[in-house]
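Read the structure below first, then the notes.
Just so it is clear, the model here is predicted, and its values are computed rather than measured.
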Amino acid sequence: MIRALAVVVPARDEERLIGSCLRAVHRAARHPQLAGLAVTAVVVADTCADGTETLARALGARTVQVVGAGAGASRALGTAYALDLLRAETPGLSAEEVWLAHTDADTQVPPCWLAHQLRHAAAGFAGILGTVRVGDWSAHPPGTADRFLRQYTAYRAQGREHPHVHGANLGLRADAYLAADGFPPLAEGEDVALVAALERGGHRLLRSDACPVLTSGRRDARARGGFGDLLLTLEPGRIAPVLGRT
């Protein structure tokens, strides 16, 4: 049974978007199925030169300030901080009773997000791998959205579960997370590496496209080699990669 829940959000100069992100997290935390369960939001402010951290704290999030950590290390530091907070606030709390939800600062989760994850956690899944939708394609040339959607949803025509891995839509039970040694300190691909470790460890994972998050389609992506850069490769005239574990 899950007794404590944390949402971890890495951020770098996200003053413009962190408010929308956290307000969406708060809406998800108020879902009726989470009644009586407190949700702790942790924002990792990595090398921020703007008001990201101040705004996050004003919106009720706990914050961790780091310099030059990168995506993998930021997620790992935020998760460790969240676990320490939850254990301090709930004596006797075990890792099996903690759920760790992960998203990105340029992402808005739907109201069903946390309830969806916890419903499947109650069914015995140690991790939920969700999908994304791009909220605004205006920064990209015509045709990019269609190209993305064709490749991203190709698994449906094949009758398979989705193959994608997104740190922007990921939920894990803490004992499984710790058994897999958490997020590795990679500049990109830390989410894919963690999921691979979980699969090697035999943890029961669910790949679900039932509750996608809405993420940014901006061209000035914060993490080199991440989802934003992937969208650039899908613009007409470029050789598009085969979308799989992204």
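Contacts of Arg150 classified as salt bridge (charged side-chain N to carboxylate O under 4.0 Å, His left out), with partners at least two apart in sequence or in another chain: none. Considering only residues two or more places apart in sequence or on other chains, Glu89 meets the salt bridge (charged side-chain N to carboxylate O under 4.0 Å, His left out) condition with Arg62. Legend: residues meeting salt bridge (charged side-chain N to carboxylate O under 4.0 Å, His left out) with Arg75, ordered by chain and number and at least two apart, are Asp104, Glu190. Evaluation of the ring pair (Phe, Tyr, Trp, His ring centres under 6.0 Å) rule for His162 yields His164 as partners, not counting sequence neighbours. Shown here are the disulfide bond (SG atoms under 2.5 Å apart) partners of Cys48, two or more places apart in sequence or in another chain: there are none.
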Sequence neighbours left out, cut at 3.5 Å: what donor-acceptor pairs do the side chains of residues 92-100 make with other protein atoms?
from, atom 1, to, atom 2, distance (Å)
Ser94, OG, Glu96, OE1, 3.3
Ser94, OG, Glu97, OE1, 3.2
Glu97, OE1, Arg3, NH1, 3.1
Glu97, OE1, Ser94, N, 3.0
Trp99, NE1, Gln117, OE1, 2.7

Side chains of residues 120-136: which donor-acceptor partners sit under 3.5 Å, not counting sequence neighbours?
from, atom 1, to, atom 2, distance (Å)
Asp136, OD1, Ser138, N, 2.9
Asp136, OD1, Ser138, OG, 2.8
Asp136, OD2, Ser138, OG, 3.1

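When atom types are taken as modelled, the side chain of Ser74 and the backbone of Gly70 share a donor-acceptor pair closer than 3.5 angstrom.
Each ring pair (Phe, Tyr, Trp, His ring centres under 6.0 Å) pair with one or both residues in residues 1-34, not counting sequence neighbours, would appear here, but there are none. For residues 107-197, every residue pair satisfying the disulfide bond (SG atoms under 2.5 Å apart) rule, not counting sequence neighbours, is listed here: Cys112-Cys211. Sorted pairs that involve residues 128-170 and meet disulfide bond (SG atoms under 2.5 Å apart), not counting sequence neighbours, are lacking altogether. Residue pairs satisfying the disulfide bond (SG atoms under 2.5 Å apart) criterion with at least one member in residues 142-178, sequence neighbours excluded, are absent. Contacts classified as ring pair (Phe, Tyr, Trp, His ring centres under 6.0 Å) and involving residues 182-215 (residues at least two apart or in different chains) are given here: His102-Phe183, Tyr177-Phe183.
The CG atom of Asp13 lies 12.0 Å from the CD atom of Glu53; values are rounded to the nearest 0.5 Å. With rounding to the nearest 0.5 angstrom, the CG atom of Leu77 is 8.5 Å from the OG1 atom of Thr79. Note that CZ of Arg160 is 9.5 Å distant from CZ of Arg207, once rounded to the nearest 0.5 Å.
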### Full working for salt bridge (charged side-chain N to carboxylate O under 4.0 Å, His left out) between Arg16 and Asp50
CA-CA 9 Å; Arg16 187 173 65 86; Asp50 64 0; over 6 Å; no
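Taking the centre of each ring, Trp113 and His116 stay at or above the 6.0 Å mark.
For Arg57, the CZ atom sits in a loose shell: 12 or fewer heavy atoms of surrounding residues, nucleotides or ligands are nearer than 6.0 Å.
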